[in-house]
There are 2 protein chains.
Amino acid sequence: MARGAATEEPVRQRLLTEATRLFAERGFESTSVQEIVAAAGVTKGAMYHYFASKDDLLHEIYGRVLRMQMERLTTFADASGPIAERLHAAARDVVMTTVENLDDSKVFFRSMHQLSPEVYKIVRADRRRYHERFRDLVIEGQRGGVFRGDVPAEMVVDFFFGAVHHLGTWYHPGGPLTGPEIGRHFADLLLRSLAPVG
Amino acid sequence: MARGAATEEPVRQRLLTEATRLFAERGFESTSVQEIVAAAGVTKGAMYHYFASKDDLLHEIYGRVLRMQMERLTTFADASGPIAERLHAAARDVVMTTVENLDDSKVFFRSMHQLSPEVYKIVRADRRRYHERFRDLVIEGQRGGVFRGDVPAEMVVDFFFGAVHHLGTWYHPGGPLTGPEIGRHFADLLLRSLAPVG
DNA sequence: ACAAGCATACCGACTGGTCGGTCAGGTCGG
DNA sequence: CCGACCTGACCGACCAGTCGGTATGCTTGT
């Protein structure tokens, strides 16, 4: 009967989708479990069947985002070609991905600190690994003399991802700029600011 | 006995200070009014004597930050000297001010969306005016040919302030970089990314 | 082939507790 | 004795999480 595969859309998935939407809209603390299950068309019992807690639901949302972003970054970082091009492509991609999944991004930067201390640590560690991978690209360029070396790579990454995370604050689909356009501009700004002296 | 002026530190001020600290630490929704008044050494009645609501308390915190930042920006923007220098000084200053008042900044970007719709609109409008003042500096430089013109000024401002707002996420006093150092680096990154072609 | 046994998926009333906000009243300087 | 300042008990709303129960269908022994 091909059950669990595709009745319409599995309950677990619907819960994640609706929770993401609501958390992005009103924040984690201002969204009740009751609202989430109502939006997904189920009851609380169903939610606590699939997730250990409201916290766990948030954690799952983060896990999904982090896994996807890390996967994409690795693809671009490990490609062949000049370091400047690889960094540009990776930077451009993360902006486009962020714009395409704006709700995920909003939840991320608004509600991360609402996780329990233990789960928060795990998420921070994952995020750190991601930043380090990105930072290594900058360092590689600096070592090769392609990027200027008089600026800390770590700080450049924080600078850039600050800008990326804040897309959720000001970007609206249908605005004057599309995702790919912003991606190109952001990547250009990053690469230019790293251009070697002289 | 010089009441309302300066017994030790006025109750109203203590409430604002402690509320800022707690909101920055745990977020607006996760901080109860009870915790705030306990930290300030008073009771709920005292808080509701000075503030109309918990929301109003948050609004006051924002008002203070916005007024200060706007005042400082105006000083740097209206100074004399080349546009590049004025923008550099303004950018450097906003980073230093943000680092020096990190709690204010954390509250700002974490809890702004928890305000009531009406108050939220007011804060957004104030913030917009601030961004516009900053954007006008970029446009001035572009018109004068000092900055490259192939990048939307509005977006550059969002890019830069994204990075500034996120200082609260990663900056810790006592880390490898001081506020002024980060200020200089950030301003350098901004100015370099605006350097004209060729 | 069929029933007993069991796992999965889900329901919804309920509980213990927290929260923002109110209010009647006390205190004290001018 | 008034009004600004402040107290602390209290209220109604709400919330995360629990629990006893139902329905369905797969597995397995015979």
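Throughout, protein chains are lettered first and strands after them, A, B, ... in sequence-line order, and every chain is numbered starting at 1.
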**Q** Could you tell me how far apart His49(A) (NE2) and dA23(D) (P) are, to the nearest whole angstrom?
**A** 17 Å
**Q** Report the distance from atom CZ of Arg12(B) to atom C1' of dA4(D), rounded to the nearest whole Å.
**A** 15 Å
**Q** Counting the atoms with a prime plus P, OP1 and OP2 as sugar-phosphate, which does Ser30(B) contact under 4.0 Å by heavy atoms, base, sugar-phosphate, or nothing?
**A** nothing
**Q** Rounded to the Å, how far apart are Asp56(A) CG and dA16(D) P?
**A** 15 Å
**Q** Grab the CD-C1' distance between Glu29(A) and dC14(D) for me, whole Å please.
**A** 14 Å
**Q** Any salt bridge between Glu181(B) and Arg184(B), counting N to O under 4.0 Å?
**A** no
**Q** Would you mind reading off the distance between Met47(B) atom CE and dT22(C) atom C1', rounded to a whole angstrom?
**A** 12 Å
**Q** May I have the distance from Arg26(B) (atom CZ) to dC19(C) (atom P), rounded to whole angstrom?
**A** 10 Å
**Q** Would you indicate which nucleotide in dC19(C), dC11(C), dT18(D) comes nearest to any side-chain atom of Lys44(A)?
**A** dT18(D)
**Q** Quick one: which of dT7(D), dG20(C), dC10(C) gets closest to the side chain of Val33(B)?
**A** dG20(C)
**Q** Nearest to the side chain of Thr43(B) - dG20(C), dT7(D), dA16(D)?
**A** dT7(D)
**Q** What is the separation between atom CZ on Phe51(B) and atom P on dG20(C), rounded to the nearest whole Å?
**A** 15 Å
**Q** For the CZ atom on Arg64(B), are there more than 12 heavy atoms of other groups (residues, nucleotides or ligands in this structure) within a distance under 6.0 Å?
**A** yes
**Q** Take the protein atom OH of Tyr48(B) and the nucleotide atom P of dC19(C), then report the distance between them rounded to whole Å.
**A** 12 Å
**Q** With DNA chain C as reference, determine whether Val42(A) or Gln34(B) sits nearer its 5' end, using the nearest nucleotide of each.
**A** Val42(A)
**Q** Return the orientation label for the Phe108(B) and Tyr62(B) ring planes: parallel under 30°, perpendicular over 60°, tilted otherwise.
**A** tilted
**Q** Looking at dC19(C), dG21(C), dA16(D), which one has an atom nearest to any side-chain atom of Ser32(B)?
**A** dC19(C)
**Q** Heavy atoms from C-beta onward define the side chain here; which of dC6(D), dG20(C), dA9(C) lies closest to that of Tyr50(A)?
**A** dA9(C)
**Q** Below 4.5 Å, heavy atoms only, C-beta onward: do Leu58(B) and Val107(B) meet side chain to side chain?
**A** yes
**Q** Measure the CZ-CD distance between Phe23(A) and Glu35(A) for me, rounded to the nearest 0.5 Å.
**A** 10.0 Å
